[in-house]
**Student:** 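Encoded as structure tokens, here's the structure I'll be asking about.
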Amino acid sequence: MLEYLWLVPALPLAGFFALFVTEGKLPDKIVAVIGAGSVGLAALVALGAGMEFVQSGEASYAQSLWTWMAVGNFTPSITLYLDPLSLVMSGVITGVGFLIHLFATGYMWKDHQEPEGYSRFFAYMNLFVFAMLMLVLGDNLLVLFLGWEGVGLCSYLLIGFYHRDPENGYAARKAFVVTRVGDTLMAIGLFLLFRELGSLDIQTALGDAGQLDAGMATAIGLLLLGGAVGKSAQVPLQTWLPDAMAGPTPVSALIHAATMVTAGVYLIARMKGIYDLAPVAQLAVAIVGLVTLLISSFTALTQTDIKRILAYSTMSQIGYMFMALGVGAWSAGIFHLMTHAFFKALLFLASGSVILALHHEQDIFKMGGLWRKLPVPFASMLIGSIALVAVPLTSGFYSKDAILLTAWEHGTGPWFWAGGVLAAFMTALYTTRMMVVAFLGETKTEPHDASRINMWGPLVVLAVLSIGGGWMTFSVLDDLLGAIDHIPHIHPAALVTVVLPLLGIVLGYFVFSGRMNVNSLVESSFGDALRRFWQSGWAFDWVYYRVFVKPFLWVARVNKGDVVDLAFRITAAVTRGFHHVGALTQTGRLRWYAANMAIGLIVVLLIVASV
Amino acid sequence: MSAAEVWALAPYLALAGGIALLLLAVAALRSHRLAFWGAIATLAIPLAFVPTVLGGGTQIVDTVLEIDGYALFFFVLFSLAAIATAVLSARYLGSRATHRQEFYLLLTTATLGAAVTAGASHFATFLMGLEVLSISLYAMIAYPEEGHPPLEAAAKYLVLSGAASSTMLFGMALIYAASGSLAFEAAGDIAAGEHNVLVLGQAMLLVGVFFKLSLVPFHMWTPDVYQGAPAPVTGFVATVSKGAVFAVLLRYAIDADLLSSPAVGIVVAVIAVLSMVVGNILALLQTNLKRLLAYSSIAHLGYLMIALVVAGTAAGQALGVESGLFYVAGYFLMTLAAFGVITVLSNETEDADQISGYDGLLWRRPVVAAVLAAAALALAGIPLTVGFFAKFYLVAAGVGNAAWGLVWALIVGSAIGIYYYLRIVFAMTKRPDDDRPEGGRRVPWEGFVTVALLGLLIILLGLHPSPFIEFVRELGGP
Amino acid sequence: MILFVVILALLAAGVVAWASERLSKDAPRLVSIMAFGAGLVWSAALWLDGADANGLYAAMDWPWIARFGIHLALEMDGLSLLMVALTMFLGIVAVVSSWDEIEAAHGFFQFNILWVMAGVVGVFTAMDLLLFFFFWEVMLIPMYLLIAIWGHEEKAYASMKFFLFTQISGLLMLFAILALVYVHHGATGEITFSYKALLDAEIDPRIAIWLMLGFFVAFATKLPSVPVHTWLPDAHTQAPTAGSVILAGILLKTGAYGIIRFAVPLFPEASADFAIWAMLLGTVSILYGGAMAFSQSDFKRLVAYSSIAHMGFILLGVYAFNELGMQGAIVTMVAHGFSTAALFMMAGAIQQRLHTREMGQMGGLWKHAPRMGTMTLFFVIASVGMPGLGNFVGEFLALLGAFQENWVMAVVATAGIVVAAVYGLYLMQRSFQGTPNPDVASMRDFGLREMSVMAAMMAGLVWVGVYPQHVLELSNATIQTLGILP
Amino acid sequence: MAIEVPVEHVLLVAAGLFLLGLLGVLVRRNIIFLLMSLEVMMNSAGLAFIAAGAKWGAPDGQIMFMLILALAAAEVAVALGLVLQISRRFDTLDVDAASELNG
């Protein structure tokens, strides 16, 4: 199967192409078959190729397709590169991706806003899967960049899928532009890397990375981090992700939870060789992760929109992954990437079921009491939540625990660990809040569950993976990626790590079910200000709008007429002015003409006399 | 006077004889047809002598006329321009004068004057030729029997031209006083004390010449005369009269080594630059096509001064003369074409001189409009037309002799010029409004053929100028 | 010989098209399409046939004006072939894009299109400086007429501005050409305008910089680069669709071509000294053009400003003086030819349907015309620089090359891709997305004719984006022979 | 017994005449006077020619003067024709009235 590796990205691409050229004229059922089927087939091929790869025992497998371009010594080739990292990634992308596609065939069926957009939706989704696969399979940073930009594009297209609402368009453009800022940094990183090492081939570059001096390695590491930060919605380029929830919920599940947003994690993991040479850059990765983790988990606590809660949660979970990479627990980071893909996809899909059943109601305070009426979504949400909170034995527990314990040992002291544990506590708090408010209590909106097998089937599979994904895959990944954690679990730090989230659940239950009154705290002026500060996402949007957007708009407004043109207009006006003055001399009077001739004669004679 | 000298005079004698015959014929038989065809014959027959005379080499007739390739080039050019003018005038004047016969006499006489001027190598012939030309022109300008403009134009031209001629004459007298010779060439050895008088005289002579060439600041008569004169006559004034003066100026400048005097050099350069810039600026927003072309001619004569300056240097003499001749020929074509179009579009009483009247001409009379467009673009110096190579020649001459200031002025002037030439083209391309009645006037066929021919030549020389360039080179300088 | 015949054939086709107006309304454009189609086939045949030992596909050299050593010297090497093929292709696009737009004088319209293209082919193949200049100017007049006759409300102003800018800068170039020739004449005693002879001219560096600037100003105006770009938005906005397509697709490329073929090789040292300023102009163009594009509310004006930004990459690439930058510039030329031509075609189609270019009066057009929306989306994305499409290859290579030479400039210029995203997506939002404008009751979508042209351009962009090797190989042959790389 | 008058003096007189004529052209409005002033200018040149001819002892200057006379006569002939027409069509001999062509 390995020789058919190219089929893995090619199948979704073919699906996209088929849907693109038929211009939405195919019957929806065939669209569904093509859309989900192409990804499903890709998953099968990936599975087959992966098994063969694991059995072969080789460290990597490369399939060269063609040389993209050849200019002097710049010869990036389109080569697919399979190693444990990309294998895990492609497995997640095709596997989880297929489940989400399957769910979407039901979710998007006879959609209320875009009933004619069914084919367009799956075209974009397939294109996304293709791009994401190119991102992780590309053996060259330029190919990676192709996928990188491709997923950004699809993200833009899908966030703005309901394009008739200008707000969605705004959210889509914001996502694209903010991540482009990161992409720009990344592109500069590529320029620098090429200048220093003469190749963008990842393996070649990493092999030659030893030639880099420390400063250069740090620069490259920081620039690539810039790219990763943008794509993975980390501070300071995180502001686009909550708005990106404007897209259909399967999109949020696939792109803004399971796959695309983890591309930054993949990039840093892939370029580990550079970060090994640049401790400063690596520390920056960890700091970015920690800061994002804290900021977003506090923010999640104050959101009311179920998808925004999940979005902030995603940011914080990716913060864990960044922190993992930063503190050196890179296999644990990848492990968390995978488990997070399971449980976060589950959470999003389940919330999508809820939203659909409530006729697109997303405010958790307008839900309530749903656990009886929507049992499958509720069960799925619950399972996803406990995995998110990292209750022991769930998949999230395995990976998060490994990260935090590595952080404990980090050279700078236990600060990363402490921050991570605090965030874990907060995670428990906001997750509990979400579950309690939305599913317990009294019913505020009457749901109509219309989900069928194609919708709850994926939920079930993902639920199983969320629970068991940790221990099922732990040993395999431990093998493939290298040792995931080193610390025995009987350890004070380990104990705190395990217990604190549980405390969070208990506290959250009491507070949000109203059994414990904290109104005096929340309603105090300080509490209120803090709440609004958190709710706004720590005012990043507010600041960015004033620092970047507003000045740009101002310039655009005042300079619409192009100030440079003024120079030419003035020249033209002056020339015209000369004409008018000159025309005045042409009075038509004979004697005036004669007088001028006389003056001319005198001037000529004066010139002659003076030379 | 040797036989060879007499033979060399053959074209001139034929032209003069033809005029005499025409005079008698017109006096005896008041037939327009006879006068017209007589004039055509008078102008055409002398051309038959030209090739043989040209083959005989340069003849200097009694020091007053130098009949060489240069003189004959202008002879032919003037005759052809006069023929075109005659053809264009025939119908145009029909509605403006009860008797057209004398017009042809004036036209042929003016041509003779111009031809003599171009061959002059002596102040006497210079004076004679120029005044025969000018006096004929006064009458030609005032020829129409009705309306103020022709009369006003003629009066202005007469008075101002008279003043200029006087200045020129006075200059000649001073030169003669300094050098003791009236021939162009003898100005070589002059006592130091006389030198100032000589330069003073040359300056006054130049002022007179500059007037005739309508260079700034002696240009002010130009638009008024161009506008007031009958359209075909304007074409004749713009071409033949200026061509003749330029021819004699160039000859005099070279023979007398005029530009070796720094003072004269400065005067010429300043006047040239002023003309290029002021001429173009004055034309910029002009709405009357005849006036616009007048201002444009001011600029063009300014450009032409580059040829004079270059020809005045020892190294650049050949190139300067060549470029001058080529430019003059090209300028004749473009100007005659432009005024030809104005003539053929004019109705019984009014000249077609408002640019707004040309709106949509391309759709009504495509060929005529194309000719005017070609002429305008040629005047602007755009490739595909002879105007480009004419200007190219000048810039090449200027650059080749490091006349940077003049070349820059030419570039600036041309840059301004593009605007108003293009305005003409733009007006013609306007789509006609549906409610506007079609201009029903018929274009006379002979006028049509003339302008079409001129247009064709503009394009032809713009595509393949090489044979003509080689021809001009072989003529040699004055 | 064949090159001259091709140029004459295009000119002749123009006359035939004009004359065929009497037959039927369709006859002129069919003549045009056949002429360009034949030209395209001919260039493809040349390409498949391969170059001769000197890297030439066709060449000829006839004396023209012996007095000045001016020759009718035409040569076609890889770069020329590339540009000529693009010209022929966009000729077809131009004709199709104005199919319904032109209501009067079809024959004369096609005449002008064919004559512009004839001039352009001359520009891309001339090997004699005067001949080059000749063609350079020849292509302007029909272009001027296209704007002046078939343009929109401000056509008088726009066409005049276009002509003045290009003509005045052209005068400077003519001056520089003549000065170069006479400098060469002074050294060797030979007057010649031959490109190859003048390549070897030894010029005093103090003079060379001024002569180089004469060329550069003309080409930068045509390109256009800030600060001599202001003619472009006006010209584009007012031009008929075919005019915009030709202007953006081809005429701007003549500026880039001129820099690569003439300004740099003729004055290598002066150009090297000037490189930093040229790169600065390129960078400023990228950012300023992008910011200006965002300011616009007129669809065509926006695309016009985006062209300025794209052309900045060409300056940046060429003056990086390395293979990467140069190739980036050339690929950008090709890719921009496709993407912007398509966007202008779109603008024209919208204007024809809605009688406005103001995006304020559009919005939600996707509802009426999903095909047009999809196409706009595709080409916006291409011009935003999406990998896998041609523009990315060009811009990435240009930036990569520039980075080797001057990293500060490259870093600043890279920020331009963010700006591109801002204005590109905003364009999409205001025209096709958003709430459907209630004033727009319906809009005819693209039909087969438009879609086939669009598909061809999409295919072209994907081709250049995924496998640019064909382009790179053609241009590489030229780049190596120009001798401008260290 | 002739008095030797230096040629320069005659030339100065001629120049004075020239200036007078020029001034006449500038200040007179009646076209007849204008023409008369022109004649003065022309004749001043003639005088200069005669003086110069005398200086060189050659007949050239006098010949030139005769040519000038002939030309002046011709010019006046045309000019008077114009004057007649002007007085007929403009009803005045004031040259300032003839300023319809301008701009």
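Here is how names work: the chains are called A, B, and so on, in the same order as the sequence lines, proteins then strands, and each is numbered from 1.
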**Student:** Going by the angle between their ring planes, with limits at 30° and 60°, are B:Y176 and D:F49 parallel, tilted or perpendicular?
**Tutor:** tilted
**Student:** Side chain, backbone, both or neither: which part of B:Q286 has an atom under 4.5 Å from a heavy atom of chain D?
**Tutor:**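 B:Q286 touches chain D through side-chain heavy atoms alone.
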**Student:** Which bit of B:M168 comes within less than 4.5 Å of chain D, counting heavy atoms only: side chain, backbone, both or neither?
**Tutor:**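 For B:M168, no heavy atom lies under 4.5 Å from chain D.
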**Student:** With a 4.5 angstrom heavy-atom cut-off, is it the side chain or the backbone of B:P223 that approaches chain D, or both, or neither?
**Tutor:** neither
**Student:** Ignoring hydrogens and geometry beyond distance, is a side-chain donor-acceptor pair present between B:T98 and B:E145 at under 3.5 Å?
**Tutor:**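 The answer is yes; a qualifying pair exists.
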**Student:** Using modelled atom types only, decide if a donor and an acceptor are shared between the side chain of D:W56 and the backbone of D:G61 within a distance under 3.5 Å.
**Tutor:** no
**Student:** Given heavy-atom pairs under 4.5 angstrom as the criterion, report whether the side chain, backbone, both or neither of B:L174 touches chain D.
**Tutor:** side chain
**Student:** Could you check which of D:L71, D:L34, D:N43 has the highest count of heavy-atom pairs closer than 4.5 Å to chain B?
**Tutor:** D:L71
**Student:** Measure distances from D:V7 to the heavy atoms of chain B and classify the residue's part below 4.5 Å as side chain, backbone, both or neither.
**Tutor:**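 Contact with chain B is absent: no heavy atom of D:V7 under 4.5 Å.
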**Student:** We want to know whether B:Y419 and B:N280 form a side-chain donor-acceptor pair, criterion being a heavy-atom distance below 3.5 angstrom.
**Tutor:** no
**Student:** What part of B:T287 is in contact with chain D, defined as an atom under 4.5 angstrom from a non-hydrogen atom: side chain, backbone, both or neither?
**Tutor:**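 Contact with chain D: none, neither part.
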**Student:** Over 60° means perpendicular and under 30° means parallel, so classify the ring planes of B:F211 and B:Y157, tilted if in between.
**Tutor:** parallel
**Student:** Heavy-atom pairs under 4.5 Å with chain B - which of D:V83, D:V78, D:D60 has more of them than the others?
**Tutor:**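 Looking at each of D:V83, D:V78, D:D60 in turn, D:D60 comes out on top.
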